[in-house]
S.K.: 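One structure coming up, written as structure tokens, with questions to follow.
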Amino acid sequence: MINYNNCWKTMKERGITKYALIYHYGMSSNTLRRMAHGESITTSTINDLCLILHCEPQDILSFEVTEEEQVFTKQREIEIAEKKTKRT
């Protein structure tokens, strides 16, 4: 799961508010809503945030595997292995 907590921290350090992102930099309020709810944003938006905040992508987001994602991935790997076994 992508987590945007780094972005909020970087914004605070740089003194840039959500208001400034929307009204001074033209960022969509929907984009900030999506980030606040842990939803996906485009790489173009990440690029824009890095330019605005003078930072790197890791200062905007982090990746953390949830337990649900681990279970899904493990199950998918088992299914793929079974398909490969049936082919040979």
Side-chain angles (χ1 to χ4, degrees):
M1 168 183 229
I2 300 295
N3 180 314
Y4 300 102
N5 290 336
N6 293 353
C7 184
W8 313 129
K9 186 168 59 169
T10 301
M11 286 171 57
K12 186 175 182 177
E13 290 170 359
R14 306 288 195 276
I16 295 181
T17 63
K18 290 179 183 180
Y19 179 91
L21 288 176
I22 295 167
Y23 293 103
H24 298 291
Y25 295 98
M27 185 153 294
S28 164
S29 60
N30 187 50
T31 296
L32 295 175
R33 183 203 60 78
R34 292 177 64 76
M35 291 172 65
H37 290 92
E39 298 174 9
S40 63
I41 60 174
T42 66
T43 53
S44 177
T45 299
I46 295 168
N47 185 73
D48 292 345
L49 285 167
C50 287
L51 291 171
I52 293 166
L53 298 172
H54 305 284
C55 66
E56 301 290 325
Q58 62 268 21
D59 299 320
I60 302 294
L61 55 89
S62 63
F63 175 73
E64 301 165 3
V65 180
T66 65
E67 188 172 325
E68 182 179 308
E69 290 169 329
Q70 285 177 335
V71 170
F72 174 81
T73 301
K74 189 66 171 173
Q75 181 61 37
R76 188 68 182 132
E77 289 171 351
I78 291 168
E79 291 170 4
I80 291 168
E82 288 173 354
K83 286 181 182 181
K84 285 181 180 179
T85 302
K86 288 179 183 179
R87 288 184 193 164
T88 57

S.K.: Grab the two heavy atoms, one from Leu32 and one from Trp8, that are nearest each other, plus how far apart they are.
M.R.: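 Residues Leu32 and Trp8, closest heavy atoms: O-CH2, 4.1 Å.
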S.K.: Return the CD1 to OG distance between Ile22 and Ser29, rounded to the nearest 0.5 Å.
M.R.: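 It is 5.0 Å, given to the nearest 0.5 Å.
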S.K.: Would you compute the distance between atom CD1 of Ile52 and atom OG1 of Thr10 and round it to the nearest 0.5 angstrom?
M.R.: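 Result: 12.5 Å between the selected atoms.
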S.K.: State, yes or no, whether a side-chain contact exists between Leu53 and Met11 at a heavy-atom distance under 4.5 Å.
M.R.: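 Result yes, sub-4.5 Å side-chain heavy-atom pair found.
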S.K.: Any side-chain heavy-atom pair from Thr45 and Met27 closer than 4.5 angstrom?
M.R.: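 They are in side-chain contact.
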S.K.: If you compare all heavy atoms of Leu49 against all heavy atoms of Cys55, which two are closest, and at what distance to 0.1 Å?
M.R.: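 Of all heavy-atom pairs spanning Leu49 and Cys55, the closest is O-SG, 4.3 Å.
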S.K.: Please give me the minimum heavy-atom distance between Arg14 and His54, naming the atom from each residue.
M.R.: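 Arg14 and His54 have their closest heavy atoms at NH2-O, 3.2 Å.
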S.K.: Between atom CD of Glu39 and atom CE of Met1, what is the distance when rounded to the nearest 0.5 Å?
M.R.: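 If I round to the nearest 0.5 Å, the distance is 9.0 Å.
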S.K.: When rounded to the nearest 0.5 angstrom, what is the spacing between CD1 in Ile60 and CG in Asn3?
M.R.: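 It comes to 12.0 Å.
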S.K.: Of the non-hydrogen atoms in Asn6 and Gln58, which two are nearest, and what is the gap between them?
M.R.: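 Heavy-atom minimum between the residues: ND2-O, 2.8 Å.
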S.K.: Under a 3.5 Å threshold, yes or no: a donor from one side chain and an acceptor from the other, between Glu69 and Thr66?
M.R.: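 Judged by distance alone, the side chains do pair up.
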S.K.: Minimum heavy-atom separation for Met35 to Cys7, with atom names?
M.R.: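 Taking every non-hydrogen atom into account, CE-SG, 3.6 Å.
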S.K.: Is there a side-chain contact between Tyr4 and Ile41 in this structure, where contact means two heavy atoms from C-beta onward sitting under 4.5 Å apart?
M.R.: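 Heavy-atom side-chain distance check passes, below 4.5 Å.
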S.K.: Quick check for you: to the nearest 0.5 Å, what is the distance between Ile80 atom CD1 and Gln75 atom CD?
M.R.: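 Spacing of CD1 (Ile80) from CD (Gln75) equals 10.5 Å.
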S.K.: Give me the atom names and distance for the closest heavy-atom approach of Pro57 to Cys50.
M.R.: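 Answer, listing the atom of Pro57 first, then Cys50: N-SG, 3.5 Å.
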S.K.: Quick one: does Thr73's side chain get under 4.5 Å of Arg76's, heavy atoms only?
M.R.: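 Heavy-atom side-chain distance check fails, nothing below 4.5 Å.
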S.K.: In terms of hydrophobic clustering (I, L, V, M, F, W, Y; side-chain heavy atoms under 4.5 Å; direct or indirect links), are Ile2 and Val65 co-clustered?
M.R.: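 Per the 4.5 Å side-chain linkage, Ile2 and Val65 are co-clustered.
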S.K.: Just checking Gln70: does its CD atom have more than 12 heavy atoms from other residues, nucleotides or ligands closer to it than 6.0 angstrom?
M.R.: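 Result for CD/Gln70: enclosed.
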S.K.: Take atom CD in Glu64; do more than 12 heavy atoms of anything else shown fall under 6.0 Å from it?
M.R.: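 Count over threshold, so yes.
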S.K.: More than 12 heavy atoms of other residues, nucleotides or ligands under 6.0 Å from CZ of Phe63: is that the case?
M.R.: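 More than 12 within 6.0 Å, yes.
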S.K.: Using a 4.5 Å cut-off on heavy atoms from C-beta on, say whether the side chain of Thr42 contacts that of Ile46.
M.R.: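 Result no, sub-4.5 Å side-chain heavy-atom pair not found.
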